[in-house]
Protein chains: 2
Amino acid sequence: MRDVPFARRPITINPVNSPTPGQCGDCGARHIGLCDALTDEDLGFLARVAQRVVISAGKTFIDEGTTANHFYDITQGDVRVFKSLADGRRQITGFMGVGHFIGLAVSGQYAFSAEAITDVKLCRFDRGPLLEVFAEFPALERKLLDVATHEMVIAQEQMLLLGRKTAIERVSSFLISWSERSDPYPDGTSKTSTVNLSLPMSRTDLADYLGLTTETVSRSFSQLKRDGLISFTDVHEVTLLKPQRVAALTAGEQ
Amino acid sequence: MRDVPFARRPITINPVNSPTPGQCGDCGARHIGLCDALTDEDLGFLARVAQRVVISAGKTFIDEGTTANHFYDITQGDVRVFKSLADGRRQITGFMGVGHFIGLAVSGQYAFSAEAITDVKLCRFDRGPLLEVFAEFPALERKLLDVATHEMVIAQEQMLLLGRKTAIERVSSFLISWSERSDPYPDGTSKTSTVNLSLPMSRTDLADYLGLTTETVSRSFSQLKRDGLISFTDVHEVTLLKPQRVAALTAGEQ
DNA sequence: CGGGACTTTGAGCTTTCTCAACGATGGTGG
DNA sequence: CCACCATCGTTGAGAAAGCTCAAAGTCCCG
C-alpha cells in the first residue's frame, strides 16, 4: 500500500469534515507550521475555512499546471512534491511531513505536483477565504513568509547538492538532513550515538530527489553498509551506526 | 573590470546617501520589486530606512554564515547569489538583476553569499527598522511573500534542471529563461525572430549555475553555434538565431 | 607590445547511467 | 494458510555523458 507506483492517478479527495477549534487542538500539526501562529481562539477563524481531507498512499492531490484553488497543511503522513518533464523525467523538490504547508503559487497555477507517499491527512483551505483570513491576522502572513523563507534556504541547499555533490555525498546529506528533521534533540546529542530513521519513500523517490538513479542510490547505501556506517533492518528502516562519520561524508558547507 | 576572479574579497560597502522620495522616483527599481508595492508618498517611509550603496564588480557584499543585518534591493547591475562547500565547490543559486530583492534569512544568518558581477548599485535597508516599516505597511509584507513565492518557483525549476537535464538542455534552458527575463515582449513575439542577449557573467559563473564545468558550457555553446541556433559577437553577447529551436532543446516541462 | 585572465578545443579518464539478471517482499487468491 | 505474482530493491557489466588535464586561442589592459 505504501509503495504505489507514481503513475498519474485521477485526483480523488475525500472531504471528511470541517475541523472545529476543539478538533484543531487534537491536530498533529496544531503547534507546528502555520497553525502555530495563532492562539486557540483565533484558530477558530482558520478552522472555519478549512476542511479535513484524506489521501491514500500514491494518490496525486496537486497537479502541476492546474489552477491553485487550495492551500494544504499536512496533519498526518508524508508527501512528495515534484516537477516533471514532458518525457517523464521527474525531480522531487521536497519531502513534506506533518506541519508542512503546501500550495503557495504565483499567477494562480501550481508550479508543482504533490502526491501522498503514505496515507495522508490534510487540512485544506480554500484560497479565497484563506486570503481574507490573512488580511485579518497579519501574524499568519508573517508566518507564511517565514515558511517561504525557510523553504528557500532548503531549496538553495538542495541546488548545491544537485549541482555539485557526488552520489555518496548526496545520499549522506539526505540521511543527515532526514535525521535532523526527525530528531527530537536538534542540539546534536543524538549525533554521538546511533540513530534510527524511517524512510517512507521508495528508492525511486530518493533517486528523483537526489538527481540520481535507483541503482546509484542502492549502490551508495551498500557502500555505507560495507563501511559499517549504516545498517538496514528493513528496506525502509535505516540505522545510522556512525552518524558523525556519515555527516563527514556530506561535504559540509563553507 | 567585469570579470574579476571571484576569490573572496574583503567586504567593502560605500554608503552614498539616503535616497529621498524624490530620488526614489529616479530609481531604476522604482516600479519593480519591493518598491512597486508602495505609493510615492508611502515610499518616503521606506526611503527613511534606506541607504544607497555601490559595489564594484567582483566584490562580495553578503557572506554566507554572517549575521543578516540588511536587506538589499538592486537598483543597477547584476549579482550572483551562491553557496559554497568547504573544498571550494560552488553552486550559484541565482543571477539577480535590477529590482531583485536579496536578504531574506532565517535564524538571523545569511544562508548564501552574494557578489557583484558588474558594478552594482544597491538600496540597503537595516533589518530592524525595515521590519517596523513592514508592520506599518502590510502591502510590503504581502509583496515580500509574492517575491519569496516566485523565487521558490524558480528554485524548483532550477532543481529540475540540476537534477534531471543534460548539458545541452541546461544551457538551452538558461538561454531561454535569460531571454525571457530581458524580454520586453513576454507574449512570445520575440521568439519568432532573433534575440540579442547580454551575458554579464563569466563561463565559470554559468558552469557553477548550471552544475557543469566551464569546458562543458563552452562545448555546449559551440554545438549550438555549429547547429546554427546561436552566434556570438562577443564572448558576452549572444544572439539566438532560432529561439524556437533553442526552446525545443530545453525539454519543456509537463 | 606583452602579460594575465578567460575561453575554446582536444584527448583520455571517471563517475554515473543503462541494461540485464537476480533476489526480496508484500499482497492476493486459491 | 500458503504459494504465486507483481513490484521493488540489489548487484553486475558495459556504455556514455561529462569531468580532468593540457594546450592553444582570444581579449583586455597596462
Side-chain angles (χ1 to χ4, degrees), chain A residues 1-7 9 56-58 80 87-91 117-119 161-172 199-226 230-238 249 251, chain B residues 1-7 9 57-58 80 87-91 117-118 161-172 199-226 230-238 249 251:
Chain A
M1 185 59 76
R2 176 160 63 187
D3 300 327
V4 176
F6 34 77
R9 308 289 180 100
S56 53
R80 56 179 170 251
D87 61 8
R89 277 175 288 175
R90 184 180 72 155
Q91 179 64 41
I117 293 177
T118 60
D119 287 348
L161 178 149
L162 293 169
R164 287 296 178 233
K165 291 191 180 180
T166 66
I168 198 78
E169 288 169 348
R170 294 181 199 205
V171 171
S172 301
L199 309 179
M201 70 293 288
S202 69
R203 295 294 190 266
T204 306
D205 283 345
L206 274 177
D208 285 351
Y209 179 60
L210 299 175
L212 302 169
T213 58
T214 58
E215 293 93 331
T216 300
V217 171
S218 185
R219 277 187 255 269
S220 300
F221 276 144
S222 296
Q223 181 178 330
L224 293 174
K225 278 190 286 186
R226 234 178 293 123
I230 66 172
S231 69
F232 281 90
T233 52
D234 175 89
V235 194
H236 294 282
E237 298 293 329
V238 66
L249 292 176
Chain B
M1 184 61 71
R2 175 160 61 186
D3 300 325
V4 177
F6 32 76
R9 307 290 180 99
R80 56 180 170 250
D87 61 7
R89 280 175 287 174
R90 184 181 70 156
Q91 179 64 41
I117 293 177
T118 60
L161 178 149
L162 292 170
R164 287 296 179 232
K165 291 191 180 181
T166 65
I168 197 79
E169 288 170 348
R170 295 182 196 203
V171 171
S172 301
L199 309 180
M201 71 292 290
S202 69
R203 294 293 190 266
T204 305
D205 283 345
L206 274 177
D208 285 350
Y209 179 60
L210 299 175
L212 302 169
T213 57
T214 56
E215 293 93 331
T216 300
V217 170
S218 184
R219 278 187 255 268
S220 299
F221 277 144
S222 296
Q223 181 178 330
L224 292 174
K225 276 191 286 185
R226 234 177 294 122
I230 65 172
S231 69
F232 281 91
T233 51
D234 175 89
V235 193
H236 294 281
E237 298 294 329
V238 66
L249 292 177

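Here the structure is a predicted model, which is why all the values come from computation and not from measurement. Chain identifiers are assigned alphabetically (A, B, ...) following the order of the sequence lines, protein sequences preceding nucleic acid strands; residue numbering begins at 1 within each chain.
- Judged by distance alone, with hydrogens and angles left aside, the side-chain atoms of B/Arg80 form no donor-acceptor pair with the main-chain N or O of B/Tyr209 at under 3.5 Å.
- In this structure, the CG atom of A/Leu224 is 16 Å from the C1' atom of D/dG9, given to the nearest Å.
- Side chain of B/Ser218, nearest nucleotide from C/dT9, D/dG9, D/dT11: C/dT9.
- As rounded to whole Å, 16 Å separates atom P of C/dA5 from atom CG of B/Asp205.
- Contact check for B/Ser220 versus B/Thr216: side-chain heavy atoms found under the 4.5 Å cut-off.
- Atom NE2 in B/His236 sits roughly 11 Å away from atom C1' in D/dC28 (whole-Å rounding).
- Annotation: side chain of A/Lys225 is in contact with side chain of A/Ser222 (closest heavy-atom distance under 4.5 Å).
- For A/Glu237 and D/dG9, the CD to P distance is 14 Å, given to the nearest whole Å.
- Using a 4.5 Å heavy-atom threshold, the side chains of A/Leu161 and A/Glu169 count as separate.
- OP1 or OP2 of C/dT8 has not a single side-chain nitrogen or oxygen of B/Thr214 nearer than 4.0 Å.
- In this structure, CZ of B/Arg203 is placed 16 Å from P of D/dC19, rounded to the nearest angstrom.
- Rounded to whole Å, the distance from NZ on B/Lys225 to P on C/dT7 is 12 Å.
- Rounded to whole angstrom, the span from the CZ atom of B/Phe221 across to the P atom of C/dT9 amounts to 12 Å.
- Here the side chains of B/Gln91 and B/Leu162 are in contact, with some heavy-atom distance below 4.5 Å.
- In this entry the distance linking CZ of B/Phe232 with P of D/dT26 reads 16 Å, nearest Å.
- Partner of A/Asp208 under the side-chain contact (heavy atoms from CB on, under 4.5 Å) criterion, out of A/Thr204, A/Asp205, A/Leu206, A/Leu212: A/Thr204 alone.
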Inset, instruction - Report, as a single string ordered 5' to 3', how protein heavy atoms within less than 4.0 Å touch nucleotides 14-25 of chain C: B base, S sugar-phosphate only, - not at all. - result: --SSBB------
